[in-house]
Amino acid sequence: MNTRWGILATGRIAHTFAGAVQASATATLTAVGSRTKESAQAFVDRWQGAKPHGSYQALLDDAEVDAIYIAPPHPQHAEWTIKALEAGKAVLCEKPMGLNHPQVMAMVDAAEVSGGFLMEAFMYRAHPMTGRIVELVRSGAIGEVRHVEASFGFNAPYRPEGRLYANELAGGGIMDVGCYPVSMSRLIAAAAAGVPPGEEEPVDVQGSATFAGTGVDACAAAVLRFPSGIVAQVATAVTVGLQNRVVVSGSQGAIHIAEPWRCADENGDWRFELVRGDGESETVSGNSAPLYVHEVDAVSEALASGAKESPCMSWADSVGNARTLDAWRRSIGLVFDQERPERQTVPVHGRPLRVGHGNTQSMQHGSVRGIDKPISRLVMGCDNQPDIAHASVMFDHYFEQGGNTFDTAHIYGGGRMESLLGAWMANRGVRDEVVVIGKGAHTPANFPDRVAPQLDVSLERLATNHVDLYFLHRDNTDVDVSEWMDVLNRECDAGRITAFGASNWSLARIQEANAYAERNGLRPFVAVSNNFSLARMVDPVWPGCIAASTPSFRAWLAAEQMALFPWSSQARGFFTPRFDAVQAEAPAAAVLTGNQPSDAEMRRCWFAQDNFARRERAVALAKELGALPIVVALAWVLNQPFPCFPLVGPRQLSETTSSLKALDIALDAEQMEWLYGKA
């Protein structure tokens with residue numbers, strides 16, 4: 001296959017890649033796109049045969065181009081990668097693929113939706129020397145790998161406006177070349193564990209740095225600890241020349257790589273040292289094509305086979321690398337100006353937010369008494385977003401799938417979750433289009449006189465004058481229901497809440513409260529937000545939690561047609577493959593975001609024989625339906641005989657997409673009864 005390449009941007013790395021395309025036997029340089037016609041023409045004057053385009057979009061519109069090399073500064077990678085994929089082009093995106101992990105998630109999601117090829121351009125990954133190193137690690141040539149040392153740094157003149165130092169361009173060592181030692185360390189750790197890259201991720205990242213005057217890292221280092229016990233030391237700099245080497249140390253030897261990033265010399269000769277446990281040293285060597293030619297050929301090979309990913313750098317690998325870079329930056333307190341809340345004004349794809357963009361699943365909606373907006377059958381939980389960048393990508397994706405209902409609470413993240421939701425609504429201008437669920441009066445402040453002052457704070461964080469549905473977060477049975485209903489009605493009268501309900505209240509107390517409201521001509525509870533899932537909550541996830549899964553509670557919900565907004569509707573990972581790892585007492589998984597269930601929690605809250613049986617039945621039905629067990633478990637919640645709006649807490653876009661698939665599964669009464677079994 002001859003791949004017809006278009007190069008997007010005309011900087012130094014674009015010229016390097018153009019030379020590799022022309023040197024490759026599998027590719028042709030067809031076109032270049034720049035921000036100006038003059039710059040594009042100057043580029044093709046040097047690289048004869050290519051067609052100049054005076055805009056990036058014109059390049060994407062060129063029907064004679066098969067693949068796009070994305071080469072502008074870091075902050076533009078995500079937007080133009082997504083647009084190129086949507087234009088039907090294969091994409092090789094210069095490293096780092098995105099500004100952060102959320103952006104890379106969005107890029108991978110765009111590749112999945114478009115069915116297009118996407119690869120991050122770590123050129124050394126396609127080189128045969130790297131492949132040989134991985135083979136030796138996997139074969140146990142140096143025994144059990146215990147330590148990796150990797151560095152990449154250089155001394156560049158300080159120019160505040162230049163790409164390497166400008167905060168606006170996400171400069172600094174970590175993003176420019178620190179991504180190399182991180183990617184190599186993760187590659188080695190995965191090879192040592194016998195798993196593909198992306199499946200062995202650091203569980204702890206601790207860094208340190210000195211900073212340039214622009215606020216970006218000038219010199220930085222970090223220690224990465226993997227589940228296997230491997231420890232990696234990585235270092236980078238733009239103000240000092242480092243050794244730029246990799247040393248992999250094991251129980252029976254070591255591998256010393258003097259040129260891990262350039263790999264070979266000008267003649268294509270490459271070599272590294274394999275030191276045995278007895279001290280004997282062996283030079284492993286070979287000869288290869290120029291470095292970037294291997295990368296060009298890797299893309300052509302993948303496209304010829306119909307693959308959407310390259311084994312040189314898979315999507316999971318890129319996502320994992322971005323997550324680790326985020327952790328490194330987070331540990332040193334480095335946030336780029338473009339990542340700050342006030343700068344998150346448009347989605348990653350660069351267009352205004354629009355329902356239906358990239359839509360692969362159809363959201364369903366229902367209604368709740370007293371609320372005049374449609375309510376998404378799946379509700380986005382606002383308690384798993386570590387920052388505005390992650391929240392924006394997750395919320396944008398959910399909204400564009402038709403989701404419009406967001407659940408948060410006064411206590412979530414110490415108030416940070418309300419602030420993130422408020423910032424997102426303001427940045428997108430969608431407050432009138434969404435349903436905001438708020439909660440307050442949580443233990444130990446669960447008293448009626450705490451509702452108003454907490455609501456004051458919540459409304460300020462949310463940057464709104466009302467919440468659409470308000471839940472009392474916990475009950476206080478020492479307080480008469482009349483006091484709760486009176487204060488909630490006063491807030492409704494004031495227009496600060498539209499309707500209200502009870503979270504983690506017993507059936508008896510809800511019935512008592514609504515009876516009081518009816519006797520006194522007051523508004524009643526219109527919804528309940530208790531735990532409810534296919535798996536029975538054996539032990540409360542948090543103190544004061546109550547489930548609505550008893551036969552009497554379910555019968556009452558059906559008889560009253562009371563809306564249920566169940567939390568932990570998917571039993572917090574019980575129906576995912578993570579269950580097998582927890583049951584086998586495998587090493588704990590890396591923490592993706594702040595509020596991630598622990599292995600101990602899963603055992604305490606969900607491990608019971610009746611739940612094991614339900615899980616087995618969900619797995620069996622999932623196989624029959626061609627779905628995931630967790631999707632079947634969520635479908636069971638959605639198919640109840642009362643209005644049910646499960647709260648879901650996706651941490652990744654793939655989890656949102658997976659949850660949406662449950663809307664398409666209609667379970668009959670027999671399947672519903674069989675899945676749950678005896679109550």
Would you mind writing out the side-chain donor-acceptor pairs for residues 632-644 within the sub-3.5 Å range, not counting sequence neighbours?
unit_1, atom_1, unit_2, atom_2, d
Trp636, NE1, Met672, O, 3.2
Asn639, OD1, Leu667, N, 3.3
Asn639, ND2, Ala635, O, 2.7
Asn639, ND2, Ile665, O, 3.0
Gln640, NE2, Trp636, O, 2.9

Quiz item: Residues two or more places apart in sequence or in another chain: which of them pass side-chain contact (heavy atoms from CB on, under 4.5 Å) with Ser419?
Solution: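 For Ser419 the side-chain contact (heavy atoms from CB on, under 4.5 Å) partners, ignoring immediate neighbours, are Arg461.
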Quiz prompt | Listed partners of Thr464 passing side chain to side chain donor-acceptor pair (under 3.5 Å), at least two apart | solution = Arg431
Practice problem: Under the side chain to side chain donor-acceptor pair (under 3.5 Å) rule, collect the residues that match up with Lys308, sequence neighbours excluded. | Solution: none
Exercise. State whether the number of non-hydrogen atoms from other residues, nucleotides or ligands found under 6.0 Å of Glu460 atom CD is greater than 12.
Key: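 12 or below, so no.
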Self-check item: For Phe565, ring-ring contact (aromatic ring centres under 6.0 Å, His included) partners two or more places apart
Solution: Phe471, Phe645
Let me check something: any side-chain donor-acceptor pairs from residues 490-501 under 3.5 Å, sequence neighbours excluded? List them with distances.
unit_1, atom_1, unit_2, atom_2, d
Glu491, OE1, Arg496, NE, 2.8
Glu491, OE1, Arg496, NH2, 3.3
Glu491, OE2, Arg496, NH2, 3.4
Asp493, OD1, Arg523, NH1, 2.7
Asp493, OD1, Arg523, NH2, 3.4
Arg496, NH1, Asp456, OD1, 2.4
Arg496, NH2, Ala452, O, 3.2
Arg496, NH2, Asp456, OD1, 3.2

Quiz item: Can Leu118 and Met97 be said to form a side-chain contact (heavy atoms from CB on, under 4.5 Å), step by step?
Solution: CA-CA 10 Å; Leu118 173 63; Met97 196 148 81; 4.0 Å; yes
Exercise. State whether the side chain of Glu433 and the backbone N or O of Val430 hold a donor-acceptor pair below 3.5 Å, judged by distance alone.
Key: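 Checking the backbone N and O of Val430 against the side chain of Glu433, no donor-acceptor pair under 3.5 Å is found.
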Quiz item: So Gln652 and His101, side-chain hydrogen bond (donor to acceptor under 3.5 Å, both in side chains) or not? Walk me through it.
Solution: CA-CA 10 Å; Gln652 304 176 75; His101 164 247; 5.0 Å; no
Quiz prompt | Under-4.0 Å salt bridge between Arg323 and Glu201 | solution = no
Quiz item: When you check the gap from the basic side-chain N to the acidic O, do Lys439 and Asp407 get nearer than 4.0 Å?
Solution: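 A salt bridge is present here (some side-chain N lies under 4.0 Å from a carboxylate O).
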